[in-house]
Amino acid sequence: MKKNIASARITTQSSKLLKELNDSLPFDKLLYAEDIQGSLAHAFMLASKGIISNEDYALIEKGLKEILAEIEDGTFSLDRDDEDIHMAIEGYLTSKIGDAGKRLHTARSRNDQVALDFRLYVQKNSLLLAKLLLKNIKTLVDIASKHTTTLLPGMTHLQHAQPINFGYHMMAYASMFKRDYERFMSSYERNNYSPLGCAALAGTPHLIDRDMTANRLGFKEPTLNCLDTVSDRDFALEILFNIATMMMHISRLSEELILWSSSEFGWITLDDRHATGSSIMPQKKNPDIPELLRGKTGRVNGNLIGLLTVMKGLPLAYNKDMQEDKEGVFDSVKTATLSLKVLNEMMSLMRVNSENMQKACMVGHLSATDLADYLVKKLGMPFRDAYHTVGNLVNLAQEAGVDISELTLEQLRSIEPQIDEDIVGILDNRNSMNARTSKGGTATIRVSEQIDTIKEWLDKQGEYK
Ligand code: ARG
């Protein structure tokens with residue numbers, strides 16, 4: 001019978017069904033590079049502390065590097081019978097270099113090994129996703145810079161509300177993605193501590209140096225408490241939450257792109273590279289890409305809830321339930337990476353139909369609030385009275401079949417005789433937009449400031465570029 005290297009007391013061959021349920025190699029093989037990276041640091045430390053000999057270390061180092069190359073060029077296939085990536089690599093190493101391979105696992109358990117590998121993976125991908133977010137923010141800023149005077153109806157309840165410019169709308173998404181970026185980076189900092197050396201749960205009597213391995217692996221320092229460390233999957237939950245929130249933002253943008261590209265709006269045109277046809281209706285151009293981005297938000301939400309649920313009842317320390325931590329994270333990372341790449345390409349090539357946006361501003365009496373503000377400022381009318389007066393004027397415009405900005409002075413005076421000639425221009429949508437000069441507002445000068453602020457901020461993110 002083949003000896004199971006991870007089980008000293010079990011003498012019967014595992015049942016096929018047990019293996020099907022228990023083995024994680026089919027998915028955790030994705031962690032091969034992190035596993036080798038961790039083992040190299042661990043073996044180096046063991047040798048420096050005299051726990052293994054330098055000769056053994058030399059063999060382990062050479063063997064692990066060979067294995068890495070063989071996995072990458074396909075000579076060593078990970079489609080094998082081993083329980084997980086840790087056993088597959090250790091087993092193959094031992095078959096290559098003999099007893100030295102069996103010394104690698106001194107002062108280590110798979111519990112700290114898997115916590116390390118998975119954390120390295122999450123840390124690496126947090127930075128990669130953050131970098132992709134920066135690209136998307138840059139693209140949004142580029143679009144915004146070209147459209148600080150492009151009028152469109154700002155909405156609430158999906159009803160026309162007040163005139164804004166398209167640059168302002170794009171900068172809203174840039175601000176959301178900036179927060180997403182900051183979330184990935186702060187999770188990175190918070191979790192930048194090394195689990196290696198925690199062993200099974202209680203630490204180890206071997207005189208190891210956790211600071212040395214933490215340092216070699218790029219962590220700030222070792223984690224504080226080993227019992228917590230081997231039980232902790234907060235870092236995985238954080239990346240799942242960060243991805244879910246970011247995908248929720250992408251989904252809201254996608255929803256708007258879908259609406260805006262419909263015939264009813266016609267505000268944008270997606271490039272043909274990002275649209276598909278129908279198998280029956282020859283005229284169709286469908287926004288499948290934003291629809292899929294919106295749809296994929298469902299699965300990343302599911303992955304977050306899935307892991308929260310796995311973790312919620314677990315006693316300390318490691319429990320096999322925790323092996324369920326990986327597939328959801330792998331799936332969310334893959335989904336988020338692709339989504340950010342696609343979104344960036346689609347946004348860069350999208351056409352903005354400024355004229356249609358501007359035309360839409362003539363529907364919905366967008367400058368009604370400006371008229372109320374005029375009555376407040378000019379006549380000292382209490383805002384609530386002004387609000388009702390303008391309501392009557394909106395009804396008048398509605399009956400006349402015109403926008404409020406098109407009412408003549410006479411018509412305006414028929415409801416409020418104190419309205420003066422100086423009202424001319426105030427109801428114009430462009431003036432209305434530019435009147436909103438309060439900090440963070442939609443006036444072109446304010447949007448240009450927002451663009452400058454984000455550009456300066458982007459320049460400062462250099463260290464992770
Ligand atoms: N494959 C396992 C996992 O992904 C590795 C840890 C196993 N530890 C243990 N004590 N069985 O969680």
Side-chain angles (χ1 to χ4, degrees), residues 3-39 41-42 67 71 78-94 102 104-125 191 194-204 213 223 226-240 303 306-334:
K3 207 164 164 195
N4 184 341
I5 57 170
S7 136
R9 57 157 294 192
I10 296 174
T11 48
T12 46
Q13 183 81 284
S14 301
S15 112
K16 266 214 172 84
L17 283 174
L18 173 133
K19 282 193 68 59
E20 202 176 324
L21 183 70
N22 188 53
D23 289 2
S24 55
L25 185 59
F27 51 88
D28 69 15
K29 61 185 177 186
L30 204 71
L31 297 175
Y32 72 87
E34 285 79 10
D35 196 72
I36 290 173
Q37 189 190 356
S39 290
H42 183 64
I67 294 174
I71 293 173
L78 288 172
D79 297 326
R80 338 166 17 92
D81 197 31
D82 297 290
E83 184 182 330
D84 57 26
I85 186 62
H86 324 295
M87 301 329 306
I89 291 176
E90 190 190 315
Y92 186 42
L93 180 70
T94 302
K102 295 192 216 154
L104 172 62
H105 211 54
T106 316
R108 186 174 75 170
S109 152
R110 270 188 301 166
N111 297 350
D112 60 335
Q113 191 177 0
V114 71
L116 169 70
D117 294 2
F118 197 28
R119 192 179 293 226
L120 284 171
Y121 169 90
V122 165
Q123 292 293 81
K124 178 179 79 185
N125 281 288
N191 294 303
S194 172
L196 189 56
C198 281
L201 74 161
T204 168
T213 45
T223 54
C226 291
L227 185 60
D228 168 45
T229 303
V230 290
S231 318
D232 170 34
R233 290 297 180 270
D234 291 2
F235 60 96
L237 288 165
E238 282 192 37
I239 199 171
L240 288 173
N303 292 334
L307 185 56
L308 279 170
T309 312
V310 166
M311 296 304 295
K312 81 169 193 42
L314 298 186
L316 306 187
Y318 180 85
N319 301 266
K320 199 61 176 255
D321 315 45
M322 289 162 75
Q323 183 165 282
E324 288 297 309
D325 58 359
K326 286 172 214 58
E327 285 163 289
V329 171
F330 294 160
D331 179 67
S332 282
V333 165
K334 188 172 159 204

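These numbers come from a predicted model, not from an experiment. Counting convention: from 1, in listed order, for ligands and their atoms alike. The residues of the chain are indexed from 1 along the displayed sequence.
Below 4.0 Å from some heavy atom of Asn111 lie the following atoms of ligand 1, by number and element: 8 (N), 9 (C), 10 (N). Near Ser24, the atoms of ligand 1 lying under 4.0 angstrom from a non-hydrogen atom of the residue are 1 (N). Below 4.0 Å from some heavy atom of Asp84 lie the following atoms of ligand 1, by number and element: 1 (N), 2 (C), 5 (C).
A heavy-atom distance below 4.5 Å is found between the side chains of Val333 and Ile239. The shortest side-chain heavy-atom distance between Ile71 and Leu78 falls under the 4.5 Å cut-off.
The pair Lys326-Asp117 does not meet the salt-bridge criterion, since no charged nitrogen lies less than 4.0 angstrom from a carboxylate oxygen. Using a cut-off of 4.0 Å between Lys/Arg side-chain N and Asp/Glu carboxylate O, Glu90 and Arg110 are scored as not salt-bridged.
Smallest separation of non-hydrogen atoms from Asp112 and Gly197: OD2-N, 2.9 Å.
Residue contacts with ligand 1 include Lys326, since one or more of its heavy atoms lies under 4.0 Å from the ligand.
Remark: minimum distance from atom 11 (N) of ligand 1 to any protein heavy atom is reached at Arg110 NH2, 3.7 Å. Of the protein's heavy atoms, Tyr318 OH, 3.6 Å lies nearest to atom 7 (C) of ligand 1. Gln323 OE1, 3.2 Å is the protein heavy atom nearest to atom 2 (C) of ligand 1.
Put simply, the side chain of Asp23 never gets that close to the backbone of Leu25: no donor and acceptor are under 3.5 Å apart.
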